[in-house]
Amino acid sequence: MSWIEEIQEDQATGELAALYRELIEKRGKLANILKVHSLNPPSLKHHLDLYLGLMFGKSGLSRAERESIAVVTSASNHCDYCVNHHAVALSNYQKNADVLEAIRAAEDFSKLPPRTRAMLAHAKKLTCAPDEMTQEDLQNLRQQGFSDRDILDITLITAYFNFVNRIALGLGVEFNEEEMVGYKT
């Protein structure tokens, strides 16, 4: 649910109906953040392609690292919808409650391993102060063992979640407990 008109699954036709069917078959249900694209099915398709490529495609970053970036970026933007979705996903990989809370809070990374700390500090800075980014920021990531491809992926995932957070916040995409359950893992 959002602040704009949305086409529900039982009302979808053509390309939108096919996209909905594919999503439900693969994911188990249709997320509100995707349904908000229903008035523009090509945007939904492009959004999905980008999401799947960044979050599930080949990368030097683990799934846990990618979900951590998603949570920190979303927390920095105060996007409860995305924080909640991706914290649930992250909890499939990260079992330490203190680490999960530090990532959800996006404030104190001091107790995290140096590699994770550097990656998340980078994502937060890119989100909150993109005009202050420097070459030294990239060097800090390299010193933690990130390749230039990894740095590109960190940047793309951070940028993607800034994009999605603005969709969720700008269109009032609703978060509720029902939204969190029923997805295939």
Side-chain angles (χ1 to χ4, degrees), residues 23 26-34 37 44-130 133 137-138 140-169 173 175 179-185:
L23 279 165
K26 288 182 179 178
R27 303 285 323 269
K29 67 185 287 185
L30 181 61
N32 289 346
I33 194 67
L34 298 175
H37 290 278
L44 173 56
K45 173 86 171 90
H46 297 308
H47 183 151
L48 279 170
D49 289 344
L50 183 58
Y51 171 74
L52 292 172
L54 292 174
M55 296 303 285
F56 296 94
K58 188 173 183 169
S59 174
L61 301 180
S62 70
R63 286 281 298 126
E65 287 173 324
R66 295 182 228 195
E67 292 296 348
S68 296
I69 294 167
V71 172
V72 164
T73 301
S74 300
S76 298
N77 284 320
H78 310 285
C79 183
D80 289 342
Y81 181 91
C82 292
V83 168
N84 284 295
H85 261 274
H86 292 279
V88 168
L90 178 59
S91 71
N92 290 318
Y93 308 100
Q94 177 55 256
K95 302 303 182 187
N96 183 313
D98 292 335
V99 170
L100 283 170
E101 184 50 39
I103 293 170
R104 271 186 81 100
E107 291 182 12
D108 180 12
F109 303 134
S110 64
K111 295 178 183 173
L112 301 177
R115 176 181 165 96
T116 304
R117 185 171 52 238
M119 177 188 71
L120 296 180
H122 185 86
K124 184 168 181 171
K125 182 177 179 182
L126 181 57
T127 297
C128 297
M133 299 303 295
D137 294 312
L138 303 187
N140 290 339
L141 292 172
R142 288 182 185 109
Q143 289 171 351
Q144 293 304 319
F146 289 105
S147 69
D148 281 3
R149 166 62 197 269
D150 297 337
I151 293 168
L152 173 62
D153 288 350
I154 292 166
T155 302
L156 290 171
I157 293 166
T158 303
Y160 168 79
F161 277 95
N162 276 287
F163 162 74
V164 173
N165 295 166
R166 279 146 182 80
I167 293 170
L169 294 166
V173 176
F175 160 75
E179 174 77 3
M180 298 294 99
V181 297
Y183 292 99
K184 294 179 182 178
T185 54

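Computation of the quantities below employed the complete heavy-atom set of this structure, encompassing side-chain atoms and omitting hydrogens, waters and symmetry-equivalent molecules.
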Answer yes when D98 and K111 have at least one side-chain N-carboxylate O distance shorter than 4.0 Å, and no when they do not.
no
Just by modelled atom types, is the S147 backbone N or O under 3.5 Å from a matching donor or acceptor in the D150 side chain?
yes
Where H86 and V71 come nearest, the two heavy atoms and their spacing:
C-CG2, 3.5 Å
Kindly say whether S76 contributes a backbone atom to a donor-acceptor pair with the side chain of K124 at under 3.5 angstrom?
no
Could you check T158, L156, V164 and say which one makes a side chain to side chain contact (heavy atoms under 4.5 Å, CB included) with Y160?
V164
Yes or no on side chain to side chain contact (heavy atoms under 4.5 Å, CB included) for I103 and L112, after CA distance, side-chain angles and deciding distance?
CA-CA 9 Å; I103 293 170; L112 301 177; 4.2 Å; yes
Given the rule in the side chain to side chain contact (heavy atoms under 4.5 Å, CB included) test, do N84 and R104 qualify, once you have shown the distances and angles that lead to the verdict?
CA-CA 9 Å; N84 284 295; R104 271 186 81 100; 3.2 Å; yes
Got a second to check how far S68's OG is from L100's CG, nearest 0.5 Å?
8.0 Å
Might you point out which heavy atoms bring A31 and H85 nearest each other, and give the distance in Å?
CB-CE1, 4.4 Å
Grab the two heavy atoms, one from A64 and one from L90, that are nearest each other, plus how far apart they are.
O-CD1, 3.5 Å
So, do R117 and D108 sit near enough that their side-chain heavy atoms are less than 4.5 Å apart?
no
So D153 and I69, do their side chains get closer than 4.5 Å, heavy atoms only?
no
Spatial distance of atom CZ (R149) from atom CD1 (I154) [nearest 0.5 Å]:
11.5 Å
Taken to the nearest 0.5 Å, the spacing of L50 CG from F163 CZ works out to 7.0 Å
Gap separating the CG atom of L169 from the CG atom of N77, nearest 0.5 angstrom
7.0 Å
Less than 4.5 Å apart, side chain to side chain, heavy atoms only: is that true for L23 and L48?
yes
Where do F161 and S74 come nearest, in terms of heavy atoms and distance?
CD2-OG, 4.0 Å
Below 6.0 angstrom between ring centroids: does that apply to H122 and F146?
no
Note, M119 side chain near V72 side chain (heavy atom, < 4.5 Å):
no
Please round to the nearest 0.5 Å and tell me the distance separating atom CG of L120 and atom CD of E65.
8.5 Å
Over all heavy atoms of both residues, which pair between F109 and A121 is shortest? Give the atoms and the distance, please.
CE1-N, 3.8 Å
4.5 Å side-chain heavy-atom contact, L138 and M133:
no
Is a side-chain donor or acceptor of R66 paired with a backbone partner of L61 at a separation under 3.5 angstrom?
yes
Looking at K45, I'd like to know if its NZ atom is crowded, meaning that more than 12 non-hydrogen atoms belonging to other residues, nucleotides or ligands lie closer than 6.0 Å.
no
CD1-CG distance between I157 and L54, expressed to the nearest 0.5 angstrom:
5.5 Å
Would you say the side-chain atoms of Y93 pair up with the backbone N or O of E67, donor to acceptor, closer than 3.5 Å?
no
Under 4.5 Å between any side-chain heavy atoms of D148 and R142, yes or no?
yes
Are there over 12 heavy-atom neighbours, none belonging to K95, within less than 6.0 Å of that residue's NZ?
yes
Shortest non-hydrogen pair, A118 vs Q144, comes out as CB-CG, 3.6 Å
